[in-house]
Amino acid sequence: MPYRKLYFAGALTALLVLGFIATSIIGYYVARDSLHDRIADETLPLTSDNIYSEIEQDLLRSVLISSLMAHDTFVRDWTLGGEDDPQKIIRYLQQIQQKYGTTTAFYVSESTRRYYHPEGVLETVEPDDPTDEWYFRVRDLDEPYEINVDQDTADPDRLTIFVNHRVEGYDGDYLGATGVGLSVDAVAKLIESYQQRYGRQIYFIDRDGNVQLRGESYEGADNVRERAGMAQVATKILANPSTAASYTGPNGNTVHVNSRLIPEFDWYLVVEQSGSATETRILNTLMLNIGIALVIAVLVLATAWFTIHGYQARLEQMATTDELTGSANRQVFELLFNQAVRSARRSGSRVSLVALDIDGFKAVNDAHGHAAGDAVIRTLIATARRNIRDTDTTCRWGGDEFLLLLSDCGSEDAARIAENIRREIGEHPVEHGGAEIEVSVSLGTAEHRAGEDLRRPRGARGRRPLRVEARRA
């Protein structure tokens with residue numbers, strides 16, 4: 001088995017290395033012709049994924065903050081107590097905003113419909129007010145929260161990303177909505193940093209094609225249908241949750257576009273890049289990337305090999321061994337027994353079993369505690385191992401029931417071993433916690449006969465198992 005794993009790891013390493021080399025050579029010669037496809041299928045989607053991942057991290061943090069607020073006993077108790085002191089919830093929202101650095105924090109009570117904010121009570125939400133539509137949407141949600149982009153009630157000129165979380169009472173009754181808001185300025189800064197770092201045009205558009213969020217270097221009309229050359233692919237972008245396309249720019253150069261729908265905002269993230277601007281850079285860094293990839297592949301494979309090897313060994317031990325005594329467990333004992341029987345059949349030797357059961361083990365646990373019971377079991381197994389060979393096997397069959405598998409051993413020798421174990425246990429009390437615990441065991445032996453099975457003896461007529469009552473001398 002170790003050699004098989006070694007061969008497998010070697011073959012996998014060789015395949016990966018050969019694959020990297022072959023891909024690198026082919027990629028070098030076809031890079032000039034396949035550059036446009038690489039930009040559309042790899043480079044731009046990667047940028048989109050990175051931006052989305054960073055946005056998602058901020059959203060997950062905001063979701064966690066909103067969830068903590070929604071499950072805060074203070075918010076529940078204050079609401080259920082009749083909202084008698086608005087300053088309490090206002091101070092609470094101020095602390096949330098200061099502690100977590102959010103743009104805003106809010107709470108709207110279903111009982112009074114008051115919109116609580118760190119600056120005070122801003123308004124009373126109304127069903128017929130379009131700006132309050134979000135609250136009644138949250139009230140009817142099946143999910144615990146929603147994410148949406150909306151104007152901030154405290155500052156209508158500021159566009160904010162809100163996490164609106166339902167607040168429920170201890171009986172599941174709807175109490176209101178709470179949450180935090182993040183300014184879209186943070187996303188705009190993220191867009192600008194990616195544009196400067198990678199030289200790509202990045203912006204967000206709504207479902208009508210209007211540009212909602214952009215970096216400072218954005219150029220073009222406020223609607224993608226009106227941008228030069230972009231109109232030919234705008235419909236495709238707006239009709240699909242994610243797509244890749246290209247169009248001819250005003251300078252006659254090919255511009256590659258990748259878009260994906262951000263469901264939390266209901267906006268499309270659009271990433272653009274000119275093919276000519278990146279051709280030289282990709283070709284110059286191709287070989288360097290290949291070298292780095294090969295080194296990383298070797299390091300990853302080496303790390304994976306040692307890690308998996310260690311975990312596998314540990315898992316095999318846990319799956320086959322009793323943790324307390326280090327004996328084989330019941331699940332693996334039948335396999336060991338069958339192997340011993342097959343070996344004995346080939347060599348003409350005999351196989352015997354010794355069954356061992358602690359007398360009154362429950363009384364030991366009741367009188368001295370389970371830690372003492374564990375000490376008794378460990379001492380018993382240690383005594384048994386001193387009386388058997390290294391090639392023999394101990395198995396924990398049940399709580400205080402054990403089997404000894406004795407290869408190349410007949411019933412007479414098994415009975416002698418059982419008697420030695422019984423006598424040694426009876427003569428040596430177990431010391432634990434300053435007390436001596438007297439223990440006795442009952443043992444029985446059986447020799448395997450041809451045609452017998454460990455679970456179903458199929459008509460075998462062997463000797464009656466020896467039952468020896470152990471007593472302390």
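No hydrogens, no waters, no symmetry mates; every other heavy atom, side chains included, goes into these values. These numbers come from a predicted model, not from an experiment.
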Exercise for the section: Would you sort out whether Arg214 and Ile191 count as a side chain to side chain contact (heavy atoms under 4.5 Å, CB included), showing the intermediate values? Expected result: CA-CA 7 Å; Arg214 69 194 79 181; Ile191 290 175; over 6 Å; no

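- Crowding of Gln232 atom CD: a count of heavy atoms from other residues, nucleotides or ligands under 6.0 Å exceeding 12.
- Taking each heavy atom of Ala105 and Ile96 in turn, the nearest pair found is CB-CG2, 4.1 Å.
- For the atom pair CG (Asp222) and CG (Asn210), the distance works out to 8.0 Å, reported to the nearest 0.5 Å.
- A 4.5 Å side-chain heavy-atom check between Phe162 and Asp152 finds at least one atom pair inside the cut-off.
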Handout entry: Pair Asn240-Tyr268, side-chain hydrogen bond (donor to acceptor under 3.5 Å, both in side chains): steps then yes or no
Key = CA-CA 10 Å; Asn240 296 280; Tyr268 289 91; over 6 Å; no

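- Although no hydrogens or angles enter the test, the distance criterion places a donor-acceptor pair under 3.5 Å between the side chain of Lys236 and the main chain of Ala244.
- In this structure, Thr124 and Thr112 have side chains that are not in contact, with every pair of non-hydrogen atoms separated by 4.5 Å or more.
- In this structure, the side chains of Leu93 and Glu119 stay at 4.5 Å or more apart for every pair of heavy atoms.
- Closest non-hydrogen pair, Val270 versus Ser259, comes out as CG2-CB, 4.3 Å.
- Closest heavy-atom contact between Tyr116 and Ser109: CE1-CB, 4.3 Å.
- Asp171 contributes no side-chain N or O that, together with a main-chain N or O of Asp173, makes up a donor-acceptor pair within less than 3.5 Å.
- Contact check for His368 versus His432: no side-chain heavy atoms found under the 4.5 Å cut-off.
- Taken from CG in Leu238 to OG1 in Thr243, the straight-line distance is 10.5 Å, to the nearest 0.5 Å.
- Counting heavy atoms of neighbouring residues, nucleotides and ligands inside a 6.0 Å radius, atom OH of Tyr145 does not exceed 12 of them.
- Pairing each heavy atom of Ala221 with each of Val211, the nearest pair is O-CG2, 4.0 Å.
- The distance between the ring centers of Phe106 and Trp134 falls below 6.0 angstrom.
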Practice task
Applying side chain to side chain contact (heavy atoms under 4.5 Å, CB included), run through Trp78 and Asp84 and close with a yes or a no.
Solution key: CA-CA 8 Å; Trp78 180 82; Asp84 55 346; 4.1 Å; yes

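- Put simply, the side chain of Glu110 does not reach to within 4.5 Å of the side chain of Leu175, judged on heavy atoms.
- With 3.5 Å as the limit, one finds no donor-acceptor pair spanning the side chains of Asp132 and Tyr115.
- One distance of note links CZ of Arg225 with CE of Met230; it measures 10.5 Å at 0.5 Å rounding.
- Taking 4.5 Å as the limit, some side-chain heavy atom of Ser246 sits within range of a side-chain heavy atom of His256.
- Of the inter-residue distances, the one linking Leu213 atom CG with Ile202 atom CD1 reads 11.0 Å to the nearest 0.5 angstrom.
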Exercise for the section: Starting from the C-alpha separation in whole Å, work towards a yes-or-no answer on side chain to side chain contact (heavy atoms under 4.5 Å, CB included) for Glu431 and Thr379. Expected result: CA-CA 9 Å; Glu431 295 184 0; Thr379 301; over 6 Å; no

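- Asp392 places a side-chain N or O within 3.5 Å of a backbone atom of Arg389 that can act as its donor or acceptor partner.
- Contact check for Ile358 versus Val364: no side-chain heavy atoms found under the 4.5 Å cut-off.
- Put simply, CD1 on Ile377 and CG on Asp400 are 6.5 Å apart, with the number rounded to the nearest 0.5 Å.
- With hydrogens and angles left out, the side-chain atoms of Thr73 and Arg76 include no donor and acceptor closer than 3.5 Å.
- Around CG of Asp142, the count of heavy atoms belonging to other residues, nucleotides or ligands within 6.0 Å does not exceed 12.
- Paired with Met69 under the rule side chain to side chain contact (heavy atoms under 4.5 Å, CB included), one option of Tyr92, Tyr107, Tyr100 passes, and it is Tyr92.
- Formation of a donor-acceptor pair under 3.5 Å by the Glu272 side chain with backbone atoms of Val257 is not found in this model.
- Nearest heavy atom pair, residue Pro45 against residue Asn258, reads CG-ND2, 3.4 Å.
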Problem - Stepwise side chain to side chain contact (heavy atoms under 4.5 Å, CB included) check, Ile89 with Phe74 - result: CA-CA 9 Å; Ile89 194 69; Phe74 164 74; 3.9 Å; yes

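- Under a cutoff of 6.0 Å and an axis angle of 45°, Arg139 and Tyr174 do not form a cation-pi pair.
- Counting only distance, with no hydrogens or angles, the side chain of Ser53 and the backbone of Asp49 share a donor-acceptor pair below 3.5 Å.
- Listed here is the closest heavy atom pair of Thr104 and Gln97: CA-NE2, 3.8 Å.
- Under the 4.5 Å side-chain criterion, counting only non-hydrogen atoms from C-beta, Phe337 is not in contact with Leu403.
- Rounding to the nearest 0.5 angstrom, the gap separating the CD atom in Glu123 from the OG1 atom in Thr153 is 5.0 Å.
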